[in-house]
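Start at 1 and go down the list; that is how both ligands and their atoms are numbered. On a predicted model such as this, the values are computed, not experimentally measured, just so you know. Positions are given from 1 along the sequence.
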Amino acid sequence: MNRGFAAEIRRVVVFTLLCTLFGLMNGYLTWTLIIGGAVYMVWMLYQIHRLDVWLRQSRFRQPPDASGIWGDVFDSITRLQKRQQREKNLLQSVVRRGQETTAALRDGIILLDNKGNIEWFNEAAKQLLSLRKQDQGHALVNYIRHPGFIQFMEKGDFSESLDLPAPRSEDTRLQYQVTSFGQGECLVIVRDVTRLYKLELMRKDFVANVSHELRTPLTVIRGYVETLGMSPDLPDNWRRALQQMEQQSLRMTALINDLIALSKLETDDNGGNHRALALQPLLQMITNDAVALSGNRDHQFALQCPDDLEVLGSEKELHSAFSNLVFNAVKYSPDNTEVSIKVKQTSQTLEVAIKDQGEGIDPVHLPRLTERFYRVDSSRQSESGGTGLGLAIVKHVLLRHGAKLEIKSQIGQGSTFTCVFPANRIAEAPARRRNPALDVSP
Ligand code: ADP
C-alpha cells in the first residue's frame with residue numbers, strides 16, 4: 001500500500017472515532033456519524049473540484065497542496081505530465097532534424113495525405129515544381145497537370161518511376177518516384193534527370209545516325225563481294241574468303257537493320273498508326289516465312305488462332321515481334337521438331353504463345369534475355385547468325401502495346417515465349433460485331 005493511501009485510511013479511522021466519541025457524548029450517535037460522513041463527502045468533492053480546476057489550467061500552474069491520497073494523485077499527474085512533455089520535446093526535435101535533413105536534400109520530397117493533397121514539401125520540391133507555402137492542402141495533380149502524371153497517380157501502381165518534362169520548363173526533365181505508406185499516404189520523390197535524359201537522347205541519336213551512315217557503304221561492299229564471288233575463274237582460296245566476307249556482311253546488314261528498328265521503336269512517339277489487325281492472317285504469313293526459313297530442316301508448324309480475333313496495334317511492329325519469336329523457335333530447335341503458335345483469349349488478356357521443342361534456356365538467363373546483345377551461348381549465337389537484338393525488339397514492341405513478354409524454358413524441354421496483351425488491346429472483330437453471341441475462346 002502506498003503512503004498516501006495509508007494516510008487517507010488513517011484519516012478516515014481517526015475522523016470516524018472522533019465522530020463516534022462526540023456522538024456518544026451528545027447522545028445522537030447515528031446522526032453524528034451521518035453528518036460526519038456528509039462532511040467527508042463534501043471535502044472529497046472539494047478535492048475533486050480542485051483537481052478539475054488544476055487540470056484545466058495545469059500548463060500554467062503548480063499542483064495544489066494536498067495531503068493523503070489527493071497529494072499522491074496530484075504528484076502522479078505532475079510526473080506524468082513532465083514525462084509527456086519530455087517525450088514531446090524529443091519527438092519534436094526528431095521531426096525537426098528530419099525536416100532539416102530532407103530540406104537539405106537535392107531531390108524534392110513531397111508528402112501527400114490519403115486524398116493526394118500536399119501535406120509538406122522540402123525546399124528542392126519547391127524549386128523544381130515552383131510550389132508555394134499556400135499550396136499545402138491542395139491536390140498535387142493541380143500543380144503537375146501532365147496527363148501522364150494524372151494517369152500515374154490514378155492508377156496507383158508505383159512499381160516504376162515516371163519521367164516527364166517539368167511543369168513550367170519543357171527543357172527540364174523530372175523523374176517522379178512514389179512510395180505509399182500508412183493509410184494511403186504517399187511520399188513523392190522528385191529528381192532532376194535532365195542531364196541523364198539528354199545523354200540518353202544523344203545515345204539514341206548516335207546509334208540511329210551511325211546505323212544509317214553504315215548502311216550505304218555496307219550495301220556497296222556487299223554488292224562488290226557478291227559480284228566478285230560470281231566470277232568463274234576465281235582461285236578456290238579466294239572463293240572461300242569471298243563467301244565468308246559475304247556471310248559477314250549479311251550479318252552486319254542484319255545487325256544494322258535491327259539497330260535501326262530498335263532506335264525507331266525508342267524514338268517514335270507511338271504515332272497514331274495503331275488499328276484493329278486480324279491476327280490469323282498475320283500469324284499465317286509469319287508461319288509461311290518460317291517454313292521457308294526452316295527449309296530442309298523439316299520443322300512442323302501448328303498454328304491455332306481464331307479467325308475473327310483482332311488486336312489493336314501497329315502491323316509492322318507486331319509482325320516484327322512475332323516473327324522474331326517464331327524465327328528464334330526455328331533457329332534454336334533441332335531439325336524435325338514442332339513449333340506451335342497458339343492464340344488464346346481470356347476475360348482479361350489475349351495471349352500469343354510460341355512454343356518450341358528446342359534445347360531450352362537455363363532459367364538463370366531468363367531475366368536478362370531481353371537485354372541488347374545478351375547471349376546465352378556466344379558460340380551458338382554466331383553460328384545461328386543472330387544479332388542478339390531480336391528479343392530486345394520484341395520487348396520494346398510489346399511495351400508500346402501495353403503488353404508484356406513471359407518466357408518459360410528449361411534446358412532440354414523447349415521454350416515458350418508468350419506475348420500477353422491487356423483486354424483493352426482486343427479489338428471488336430467483324431464477326432463478333434455481326435453476332436455478339438459468337439464465342440472466340442478456343
Ligand atoms: P538472336 O538474334 O541472336 O536470336 P535474340 O535477342 O532473339 O537474339 O535472342 C537472345 C538469345 O536468347 C539468343 O542468343 C538465344 O541464345 C536465346 N534464345 C532466344 N530464343 C530462343 C529459343 N526459342 N530457344 C532457345 N534459346 C533462345
Side-chain angles (χ1 to χ4, degrees), residues 207 211 214-215 218 247-266 283 286-287 289-295 297-304 316-343 351-401 403-420:
V207 174
S211 316
L214 283 176
R215 196 142 69 163
L218 198 63
Q247 228 175 33
Q248 291 304 325
S249 64
L250 274 175
R251 230 185 121 204
M252 260 176 96
T253 311
L255 188 66
I256 285 167
N257 287 341
D258 276 359
L259 276 174
I260 292 174
L262 203 52
S263 61
K264 269 210 189 110
L265 287 173
E266 283 181 333
L283 292 172
I286 293 169
T287 310
D289 292 345
V291 172
L293 177 73
S294 168
R297 293 180 60 208
D298 283 337
H299 291 96
Q300 289 96 52
F301 293 90
L303 170 62
Q304 279 178 35
K316 205 168 146 218
E317 291 179 13
L318 289 179
H319 180 279
S320 147
F322 296 146
S323 58
N324 262 307
L325 294 176
V326 177
F327 296 168
N328 271 355
V330 175
K331 275 194 295 186
Y332 300 108
S333 299
D335 300 356
N336 231 328
T337 51
E338 188 185 91
V339 173
S340 77
I341 304 150
K342 259 191 209 157
V343 181
E351 295 179 4
V352 181
I354 291 110
K355 187 169 181 220
D356 63 51
Q357 296 172 336
E359 58 248 64
I361 307 161
D362 189 331
V364 293
H365 296 291
L366 298 186
R368 300 195 56 196
L369 216 56
T370 53
E371 285 175 18
R372 283 152 212 239
F373 301 112
Y374 186 79
R375 279 141 202 252
V376 172
D377 173 352
S378 49
S379 57
R380 203 177 74 187
Q381 172 136 354
S382 51
E383 260 172 49
S384 72
T387 60
L389 293 172
L391 291 181
I393 292 177
V394 175
K395 182 179 143 186
H396 266 83
V397 168
L398 293 185
L399 265 180
R400 284 158 68 89
H401 287 78
K404 59 181 185 206
L405 179 67
E406 285 177 1
I407 312 173
K408 283 199 189 114
S409 191
Q410 286 285 344
I411 293 273
Q413 291 176 19
S415 317
T416 308
F417 289 77
T418 311
C419 309
V420 186

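- By the side chain to side chain donor-acceptor pair (under 3.5 Å) test, His299 is found to be paired with Ser294, residues two or more places apart in sequence or in another chain being considered.
- Residue Tyr332 places at least one N or O, backbone or side chain, under 3.5 Å from an N or O of ligand 1.
- Judged by distance alone, with hydrogens and angles left aside, the side-chain atoms of Ser263 form a donor-acceptor pair with the main-chain N or O of Ile260 at under 3.5 Å.
- Heavy atoms of Asp356 found under 4.0 angstrom from ligand 1 belong exclusively to the side chain.
- For Phe327, the closest heavy-atom approach to ligand 1 does not fall below 4.0 Å.
- The closest side-chain donor-acceptor pair between Gln300 and Asn336 falls under 3.5 angstrom.
- Heavy atoms of Gly388 come nearer than 4.0 angstrom to ligand 1 in at least one pair.
- Below 3.5 Å of separation, one finds an N or O of Lys331 facing an N or O of ligand 1.
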**Asked** Going through the distances and angles, do His396 and Thr370 end up as a side-chain contact (heavy atoms from CB on, under 4.5 Å)?
**Response** CA-CA 9 Å; His396 266 83; Thr370 53; over 6 Å; no
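- Counting heavy atoms closer than 4.0 Å to ligand 1, residue Leu391 contributes atoms from both its backbone and its side chain.
- Side chains of Ser320 and Ile393 form a contact here, defined as non-hydrogen atoms less than 4.5 Å apart.
- Close approach to Leu369 involves these atoms of ligand 1, each under 4.0 Å from a residue heavy atom: 12 (O).
- No donor-acceptor pair under 3.5 Å is formed between the side chain of Asp356 and the backbone N or O of Val339.
- Looking at residues two or more places apart in sequence or on another chain, you find no side chain to side chain donor-acceptor pair (under 3.5 Å) involving Thr418.
- Note on ligand 1: Ile361 sits in its first shell, one or more heavy atoms being nearer than 4.0 Å.
- Not a single N or O atom of Tyr374, backbone or side chain, sits closer than 3.5 Å to an N or O atom of ligand 1.
- Residue-to-ligand polar distances place Gly390 within reach of ligand 1: an N/O pair is separated by less than 3.5 Å.
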